[in-house]
Amino acid sequence: MRILGIESSCDETGIAIYDDEQGLLAHQLYSQVKVHADYGGVVPELASRDHVRKTIPLIEGAFAQAGCGPEDLDGIAYTAGPGLVGALLVGTSIGRSLAFGWGIPAVAVHHMEGHLLAPMLEDDKPDFPFVALLVSGGHTMMVKVSGIGEYEVLGESVDDAAGEAFDKTAKLLGLDYPGGPMLAKMATQGQAGRFTFPKPMTDRPGLDFSFSGLKTAAANTIRNEGDDEQTKADIAHAFQTAVVETLAIKCKRALKETGIKSLVIAGGVSANTELRQKLERMMLGMKGRVYYPRTEFCTDNGAMIAYAGMQRLKAGQHAPLDMKTKPRWPLDSLEKV
Ligand SMILES: Nc1ncnc2c1ncn2[C@@H]1O[C@H](COP(=O)(O)OP(=O)(O)OP(=O)(O)O)[C@@H](O)[C@H]1O
Ligand SMILES: [Mg+2]
C-alpha cells in the first residue's frame with residue numbers, strides 16, 4: 001500500500017510518499033523560517049498563505065522523486081491537528097479534496113502522533129511498549145505508548161514547551177528565530193559551572209514540566225550580566241544543561257514508574273546533541289535503549305504523517321468527507337489501531 005502524507009500544521013510544508021513494503025519513496029520539505037524571521041515568531045496568516053503556495057508544487061515534486069503518480073496511491077494522510085487553524089485548513093482541504101477527486105480514502109492524522117511514531121521510519125526501531133518524550137516547539141509531553149493509538153499521557157508542560165523556552169531564551173541572547181539550534185551551538189562555546197539554573201519541578205513527585213521559570217531565570221541573568229559573547233555562551237550552556245537534566249530526570253522517573261526499558265525522544269528538541277548524549281548515557285546505566293528519528297525527522301515533516309496515516313489506513317480508519325481541523329486535539333483521545 002502507498003500513501004501520500006501532507007503536513008501543514010505550523011511553519012513547514014512537508015510532503016512525503018510512503019510505501020508499507022518499500023518504505024519512504026519521497027520526502028519534500030519547505031521551511032517558512034525566512035518568512036517569519038523578521039517577526040521573531042510564526043505569523044499565522046503568512047503561514048497559511050505560504051502553505052497555499054507550496055503544497056501542490058511539493059506534491060508534484062514528491063511524485064517526480066518517487067517515480068509514481070496519483071494512480072499508484074491507496075490513500076492520502078493529512079495533519080488535521082493540533083496546530084494553527086488556517087495552516088491546518090490548507091493541508092486538510094488539499095488532502096481531502098485530492099483524495100475525493102482521485103477516489104481514494106483520506107486519513108486525518110494527529111500531528112503529535114506523527115512525531116511520536118517518527119522513529120519508526122528508521123531501520124532500528126523500538127518495540128511496544130515504550131515511553132516517549134515529545135519535546136517540540138508547542139509541546140512537552142511524557143507518553144506511555146502501548147501500541148498505535150494507545151497513548152497514556154503521563155505528564156506535560158504546565159506552561160511553556162521546551163522548544164518554546166529554547167526559542168525565547170535564544171531571542172534574549174540576540175539570536176534569530178527559531179533560536180533553539182543556535183542556542184545549542186552557542187552553548188558549545190560556554191563554560192560549564194559559571195552559572196547554574198534551576199531544574200523546574202524535579203524536587204517534587206510527578207511527571208509534569210514547567211519551563212517559564214527557567215526562562216525567567218535566564219532572562220534575569222542575561223539582563224544583569226550578559227553583555228559579552230563569552231558570558232552569553234556561558235548562560236546558553238547553563239540553560240541547556242538545566243533543560244537537558246530536567247528532561248532526563250523526568251524520563252528516568254517515567255521509565256521506573258512504568259517498568260519500561262525503551263525510551264523514544266521525538267519533536268524538534270530531540271535533535272539536541274546534549275539531550276541525546278545525556279539520555280544515551282542514562283539508558284546504558286539503566287540497561288535500556290533510547291531511540292530517536294534522524295535529525296531531519298525531528299522537526300515537522302511529511303514522512304511522519306505519511307507513516308502514521310499508513311498505520312490507520314491499513315486498519316481501515318478513514319476520514320469522513322467533511323473537512324474538519326482540530327486545532328486542539330488531546331493525544332489520548334485517539335482511536336486504537
Ligand atoms: N538542536 C536543537 N536544540 C534545541 N532545540 C531545538 C533544536 N533543534 C530544533 N529545536 C527546537 O525545536 C522546535 C521545533 O520543533 P518542531 O518543528 O517539532 O515543533 P513545532 O512543530 O513548531 O511544534 P509542535 O510540534 O508542538 O506543534 C523549535 O522550538 C526549535 O528551536
Ligand atoms: Mg511539530
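Fair warning: this is a prediction, and the values are worked out from it, not measured in the lab. Atoms within a ligand are numbered from 1 in the order they appear, just like the ligands themselves.
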Quiz item: Looking at side-chain heavy atoms only, is the closest gap between Phe128 and Glu150 below 4.5 Å?
Solution: no

Exercise. Would you check if there is a donor-acceptor pair between the side chains of Gln191 and His237 at a distance under 3.5 Å?
Key: no

Self-check item: Ionic contact status for Asp19 with Arg2, cut-off 4.0 Å
Solution: yes

Quiz prompt | Candidate with minimal heavy-atom separation from atom 24 (P) of ligand 1, of Ser31, Ser136, Gly179 | solution = Ser136

Practice problem: Could you check Thr13, Thr55, Asp50 and say which one makes a side chain to side chain donor-acceptor pair (under 3.5 Å) with Tyr30? | Solution: Asp50

Quiz item: What do you reckon, does Ala184 have a nitrogen or oxygen under 3.5 Å from a nitrogen or oxygen of ligand 1?
Solution: no

Quiz prompt | Contact atoms of ligand 1, heavy-atom distance to Asp167 under 4.0 Å | solution = 28 (C), 29 (O), 30 (C), 31 (O)

Quiz item: Can a salt bridge be assigned to the pair Lys125 and Glu122 using a cut-off of 4.0 Å between side-chain N and carboxylate O?
Solution: no

Quiz item: For ligand 1, which atoms sit closer than 4.0 Å to a heavy atom of His139?
Solution: 24 (P), 26 (O)

Self-check item: Met112-ligand 1 polar pair, N/O distance under 3.5 Å
Solution: no

Quiz item: Can you tell me the protein heavy atom closest to atom 3 (N) of ligand 1 and the distance?
Solution: Asn272 ND2, 3.0 Å

Quiz item: Would you say Thr299 has any N or O atom under 3.5 Å from an N or O of ligand 1, going by distance alone?
Solution: no

Self-check item: Nitrogen or oxygen atoms of Asp11 and ligand 1 under 3.5 Å apart
Solution: no

Practice problem: Identify the protein heavy atom lying closest to atom 23 (O) of ligand 1, giving its residue, its atom name and the separation to 0.1 Å. | Solution: Gly138 N, 3.1 Å

Exercise. Please work out the angle at the Mg ion (ligand 2) defined by atom NE2 of His115 on one side and atom OD1 of Asp300 on the other, rounded to 10°.
Key: 90°

Quiz item: Is there an N/O/S atom in His111 at a distance below 2.8 Å from the Mg ion (ligand 2)?
Solution: yes

Self-check item: Candidates Trp329, Tyr151, Tyr78 - the one meeting ring pair (Phe, Tyr, Trp, His ring centres under 6.0 Å) with His110
Solution: Trp329

Quiz item: Quick one: does Gly163 get an N or O within less than 3.5 Å of an N or O on ligand 1?
Solution: yes

Self-check item: Heavy atom of the protein closest to atom 9 (C) of ligand 1 (residue, atom name, distance)
Solution: Gly268 O, 3.3 Å

Exercise. Determine whether any heavy atom of Ser9 lies closer than 4.0 Å to an atom of ligand 1.
Key: no

Quiz item: Among protein heavy atoms, which lies nearest atom 25 (O) of ligand 1, and at what distance?
Solution: His111 NE2, 2.9 Å

Practice problem: Assess the pair Phe239 and Phe166: is the distance between their ring centroids shorter than 6.0 Å? | Solution: yes

Quiz item: Do other residues, nucleotides or ligands put more than 12 heavy atoms under 6.0 Å from Phe100 CZ?
Solution: no

Quiz item: Please state which protein non-hydrogen atom is closest to atom 19 (O) of ligand 1 and give its distance, to 0.1 Å?
Solution: Gly137 N, 2.9 Å

Exercise. Return a yes/no value for Phe166: is any of its N or O atoms, backbone included, closer than 3.5 angstrom to an N or O of ligand 1?
Key: no

Self-check item: Polar side chain donor-acceptor pair, Glu280 to Tyr292, under 3.5 angstrom
Solution: yes

Quiz prompt | Ion pair check, Lys168 and Glu164, cut-off under 4.0 Å | solution = yes

Self-check item: Atoms in ligand 1 with a heavy atom of His115 nearer than 4.0 Å
Solution: 18 (O), 25 (O)

Quiz prompt | Thr79 versus Glu7, side-chain donor and acceptor atoms under 3.5 Å | solution = yes

Practice problem: Report the member of Asp300, Asn301, Leu275, Val244 with the shortest heavy-atom distance to atom 17 (O) of ligand 1. | Solution: Asp300

Practice problem: Say whether Cys298 and ligand 1 are in contact under the criterion: heavy-atom distance to a ligand atom below 4.0 Å. | Solution: yes

Quiz item: Looking just at side-chain N and O atoms, do Asp228 and Thr231 make a donor-acceptor pair shorter than 3.5 Å?
Solution: yes

